[in-house]
Amino acid sequence: MRKLVIMGQNELRGEIPVQGSKNSVLPILAATLALDGQSCIENCPDITDTEAACDILKELGCKVWREDSAVIVENSGNNNRIPEKLMRKMRSSVMFLGAILAKCQNAVISFPGGCELGPRPIDIHISSLAKMGAVFKEEGGYLYCACPNGLRGAEITLPIQSVGATENIIMAAVKAKGETVILNAAREPEIEDLQNFLNKCGAKIFGAGTDRIIIEGVKKLSGCCHRVIPDRIVAATYIMASAIAGGKCKISQICPNHMNSIINSLKEMNVDLTVEQNSVIVLSDKKFFAPKLIRTAVYPGYPTDAQALIMALCCVSKGSSMFIESIFQSRYKHVSELCRMGANINVEQRVAVVEGVPMLWGANVEATDLRGGAALMIAALAAKGTTVIDKTEHIYRGYEKPEWFLSQVGADIKRIEEDEF
Ligand code: EPU
């Protein structure tokens, strides 16, 4: 078990380049199953979720290896079953379903791993694929899926703009017979990245980034090289880390236009940001006004993945802020940990109210989930004294070497193995 030990109140100065997007690379790796030959996915973050996705591809018979920041996948073998051990490692493993169906016409997966964000059903994935001709049977914790007459195009209206369901339908539809239309599709930049990758491989997908996506099925797709987009949530993490710690940092290799709602909220808080084409410069005197309302929403609204991050900043802002978490039922587990550090936050179901306090204090805390853990890192940079974050395996699911990037710009942060502690 690794812990992060952070001594707060050091200003940050320098540049932090941002890794490739976790939520882009996971569906793109899954999509390689639908392609013939070899694909080279560049800018692949070195995080445990990527490792888990590579392990699933290997289990399905592919050859997978890393060359610097690229992951190469050679599609081979015809296995169609993901064992429970691998499914549990990562909820997003459900998105392999559409790709396995595109390749093998039938698939066996267990229900995806338990999740820290409240119940995360996959009913929309199942009902959408059923419209395309898939038949499901549940037995002994496994979901058996077959397409007796092959996959065929369909018009699918999503009841909610689910990111994963939109991606799963795209993957199933690329080689289906006929045209698929997704209405009320999710519009996240990661979906556009999946479209761009698959179109380079010969797919015919139009409209990703809007709520109407059209996919014309093709017979054959061939692997290609693709560079995944920068991770907008990791970018937001380092912007907020720089703001809360004070100093001057350039957060580089990012797409600021994927982050408008985050940048606007920070500007409302009086954080001094200079937005350039591929970077944001943060100049911080650590004096922030609390934003009145942070309501999470589907893209281009304020992302749920950045809710915990900005909450850390609100803890030390002047005034009070209201949060409404509209996407997940239970995404405030970081609150009790922030309160251990002296934050003043009250939660009632999906609403949280944060009263800014003059100072946070170092404490022993636990990362309760990926972004909650990142919020504790941010808070610890501002706190007086030492914070020890336990259960950091959640953080490493999505952040590549955070202790290295933050210490490069002046943070006092170390990763410690349990037996060294
Ligand atoms: N939902 C259903 N039924 C379904 C699918 C979703 O009820 O069949 C519900 C979920 O329970 C949730 C809401 O719909 O309440 C939104 O879920 P969505 O399907 O959009 O999320 P996801 O695809 O499971 C992706 C990201 C999450 C991010 C959400 C929302 C990946 C791998 N994961 O999850 O990222 O929070 O979209 O933007 O892309 C993270 O990176 O920390 C993370 C959790």
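Both ligands and their constituent atoms are indexed starting at 1 by order of listing. Fair warning: this is a prediction, and the values are worked out from it, not measured in the lab. Numbering starts at 1 and runs along the sequence shown.
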| request: Would you mind telling me if ligand 1 is within reach of the side chain of K22, the backbone, both or neither, using heavy atoms under 4.0 Å? | output: side chain
| request: Would you indicate which of G164, A297, P159 comes nearest to atom 23 (O) of ligand 1 when only heavy atoms are counted? | output: G164
| task | Compute both the distance and the angle, then confirm whether R227 meets the cation-pi test with F197: under 6.0 Å from the six-membered ring centre, within 45 degrees of the axis. | result | no
| Where on T304 is there a heavy atom closer than 4.0 Å to ligand 1, on the side chain, on the backbone, on both, or on neither? | side chain
| Min N/O separation A165 to ligand 1 under 3.5 Å | no
| query | Which of the atoms of ligand 1 are close to I160, meaning less than 4.0 Å from one of its heavy atoms? | reply | 1 (N), 9 (C), 14 (O)
| query | Between R371 and ligand 1, which residue portion shows a heavy-atom distance shorter than 4.0 Å: side chain, backbone, both, or neither? | reply | side chain
| task | Establish, yes or no, whether the cationic atom of R415 lies under 6.0 Å from the six-membered ring centre of Y396 and within 45° of the ring axis. | result | yes
| field | Option nearest atom 7 (O) of ligand 1 (shortest heavy-atom distance, choices S128, P121, S162, A306) | value | P121
| query | Would you call E393 and K391 a salt bridge, taking side-chain N to carboxylate O under 4.0 Å as the test? | reply | no
| task | Record the part of L370 in heavy-atom contact with ligand 1 below 4.0 Å; permitted values are side chain, backbone, both and neither. | result | side chain
| Looking only at heavy atoms, is any part of I124 under 4.0 Å from ligand 1, and if so is it the side chain, the backbone, or both, or is it neither? | both
| query | Do ligand 1 and D123 have nitrogen or oxygen atoms that lie under 3.5 Å from each other? | reply | yes
| query | Taking the inter-plane angle between the rings of Y399 and Y238 on a 0 to 90° scale, is it parallel (under 30°), tilted (30 to 60°) or perpendicular (over 60°)? | reply | perpendicular
Under 3.5 Å, which donor-acceptor pairs link side chains of residues 154-164 to any protein atom two or more places apart or in another chain?
| residue | atom | partner | partner atom | Å |
| --- | --- | --- | --- | --- |
| Q161 | NE2 | A185 | O | 2.9 |
| S162 | OG | A165 | N | 3.0 |

| task | Taking only Lys NZ, Arg NE, NH1 and NH2, and the carboxylate oxygens of Asp or Glu, determine whether K22 and D231 approach each other closer than 4.0 Å. | result | no
| request: Give a yes/no on ligand 1: does A186 have at least one heavy atom closer than 4.0 angstrom to it? | output: no
| task | Please identify each residue that fulfils salt bridge (Lys or Arg N to Asp or Glu O under 4.0 Å) with R371, with sequence neighbours left out. | result | none
| task | Look at ligand 1 and say whether R331 reaches it with a heavy atom at a distance under 4.0 Å. | result | yes
| query | Quick one: do the N43 and H226 side chains pair a donor with an acceptor below 3.5 Å? | reply | no
| Considering only heavy atoms, which of N23, V298, D369, I126 lies nearest to atom 31 (C) of ligand 1? | N23
| message | With a heavy-atom distance limit of 4.0 Å, tell me whether I327 approaches ligand 1 through its side chain, its backbone, both, or neither. | response | both
| Between R397 and ligand 1, which part of the residue brings a heavy atom under 4.0 Å of the ligand: side chain, backbone, both or neither? | neither
| message | Which of the numbered atoms in ligand 1 are under 4.0 angstrom from any heavy atom belonging to D305? | response | 27 (C), 28 (C), 35 (O), 36 (O), 40 (C), 41 (O), 42 (O), 43 (C), 44 (C)
| field | C315 SG to I378 CD1 distance, which is reported to the nearest 0.5 Å | value | 10.5 Å
| message | Could you check whether K85 pairs with D55 (Lys NZ or Arg NE/NH1/NH2 to Asp/Glu carboxylate O, under 4.0 Å)? | response | no
